[in-house]
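The structure under discussion appears below in the form of structure tokens.
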Amino acid sequence: MAGKIPLSYYQEEDVVFLARDLLGKILVTKIGNSITGGIITETEAYAGINDRASHAYGGRRTGRTEVMYNYGGMSYVYLCYGVHYLFNIVASKRETPHAVLVRGVYPVIGWETILCRRNMAIKSSKVSNGPGKLTKALGINLTHNGLTLDGDVIWLEDRGVIIKQGHILTSKRIGVAYAGDDAHLPYRFNLQFEKYI
DNA sequence: CGTACGATCTGCT
DNA sequence: GCAGATCGTACGA
């Protein structure tokens with residue numbers, strides 16, 4: 001597959017830079033015979049043991065968070081609110097538990113399959129514009145935790161989409177009010193994408 | 001072992 | 001705009 005992004009890309013130590021750089025990349029899944037993918041439109045950075053919003057804050061290391069301590073370029077999928085799977089990309093080096101939460105994509109591959117998974121009839125920018133929605137749209141679940149993102153199940157492609165800085169909206173992260181001062185960090189990045197379709 | 005709660009979405013009002 | 005769904009994880013006893 002042309003343009004598949006190598007693992008070295010994710011081993012960037014500046015997870016905030018990586019979160020912003022991931023905008024415009026294509027997230028692709030192959031589940032069975034179904035290939036689906038979307039352009040990444042929204043991300044959040046989680047900066048390891050010093051970030052109170054991170055699952056790895058304070059060096060917390062459990063069965064769930066263990067994969068965050070692995071090398072950059074692995075998937076970290078977990079269940080949120082008992083209902084939704086959330087997809088993260090592990091960043092940086094081994095033992096540095098940085099991660100980027102992918103919060104939204106816009107479908108570019110496999111619209112039919114995506115709409116079917118989402119139980120929707122017509123194309124809409126809302127089909128995968130949320131962290132729980134995109135995992136359902138792309139067929140991602142807990143069995144996809146701990147995969148390397150240069151494999152044949154989940155990978156990212158760089159199709160050379162150019163992102164103008166003026167099209168990126170930076171803001172506070174969502175749903176992390178418990179994180180004290182860290183809740184205000186400008187670690188969320190939105191591609192103002194729907195405006196330009 | 002028990003319990004509180006969460007990096008959310010949907011449907012109903 | 002808001003409440004309910006729904007269950008694994010984390011942590012304290």
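Nothing here was measured: the structure is a model prediction, and the numbers come from that model.
Residue-environment remark: CD (A:Glu66) exceeds the threshold of 12 foreign heavy atoms within 6.0 Å. Surrounding NZ of A:Lys133 are more than 12 heavy atoms belonging to other residues, nucleotides or ligands, all under 6.0 Å away. Around atom CZ of A:Phe87, more than 12 heavy atoms belonging to other residues, nucleotides or ligands sit under 6.0 Å away.
Residues A:Glu42 and A:Leu23 approach most closely at N-CD2, 3.7 Å, considering heavy atoms.
When distances run from any side-chain atom of A:Val83 to the nucleotides B:dA7, C:dT6, C:dG8, the shortest one goes to C:dT6.
In this structure, the separation between CZ on A:Arg188 and CG on A:Leu101 is 10.0 Å, given to the nearest 0.5 Å. Put simply, CE on A:Met68 and CG on A:Asn88 are 6.5 Å apart, with the number rounded to the nearest 0.5 Å.
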Just to be sure I follow the notation: if a pair is Watson-Crick (purine N1 to pyrimidine N3 plus N6-O4 or O6-N4) or a G-U wobble (N1-O2 and O6-N3), each under 3.5 Å, what dot-bracket string does DNA chain C give, with | for pairs to another strand? |||||.||||||.
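Of the residues A:Leu134, A:Leu138, A:Val108, A:Ile109, the one that meets the side chain to side chain contact (heavy atoms under 4.5 Å, CB included) test with A:Ile114 is A:Leu138.
For B:dT8, one of the phosphate oxygens OP1 or OP2 lies less than 4.0 angstrom from a side-chain nitrogen or oxygen of A:Tyr81. Phosphate contact (OP1/OP2 of B:dT10, side-chain N/O of A:Lys133, threshold under 4.0 Å): present. Dashed line: the shortest gap from a side-chain N or O of A:Arg103 to OP1 or OP2 of B:dT8 is under 4.0 Å. The phosphate of B:dC9 (OP1 or OP2) has no side-chain N or O of A:Arg118 nearer than 4.0 angstrom.
Rounded to an integer number of Å, the gap from CD1 of A:Ile140 to C1' of B:dC9 is 17 Å. Taking atom CZ of A:Arg60 as the reference point, atom C1' of C:dG8 lies 14 Å away to the nearest angstrom. Rounded to a whole Å, the OH atom of A:Tyr78 is 15 Å from the P atom of C:dG8. Distance A:Lys126 NZ to B:dC9 P: 12 Å, rounded to the nearest Å. Atom CG of A:Leu86 is separated from atom C1' of B:dG6 by 10 Å (rounded to the nearest Å). Between A:Lys136 atom NZ and B:dT10 atom P the separation is 7 Å, expressed in whole Å. The nearest whole Å value for the distance from the OH atom in A:Tyr57 to the P atom in C:dC11 is 12 Å. Regarding A:Glu44, its CD atom lies at a distance of 6 Å from the C1' atom of B:dA7, rounded to whole Å.
Contacts between residues 62-76 of chain A and DNA chain C, counted as heavy-atom distances below 4.0 Å, involve A:Thr62, A:Arg64, A:Thr65. Listed in residue order, the members of residues 173-184 of chain A having a heavy atom less than 4.0 Å from DNA chain C come to none.
The aromatic ring centres of A:Tyr85 and A:His144 sit 6.0 Å or more apart.
Connection of A:Ile31 to A:Val127 is established within a shared hydrophobic cluster, with ILVMFWY side chains joined at heavy-atom distances below 4.5 Å, either directly or through further cluster members.
Under the 3.5 Å distance criterion, with hydrogens and angles disregarded, a donor-acceptor pair is assigned to the side chains of A:Thr36 and A:Arg117. A donor atom on one side chain and an acceptor atom on the other are not found under 3.5 Å apart for A:Asn70 and A:Tyr76.
Ion pairing of A:Glu157 with A:Lys25 is absent here, as no side-chain N (NZ or NE/NH1/NH2) approaches a carboxylate O to less than 4.0 Å.
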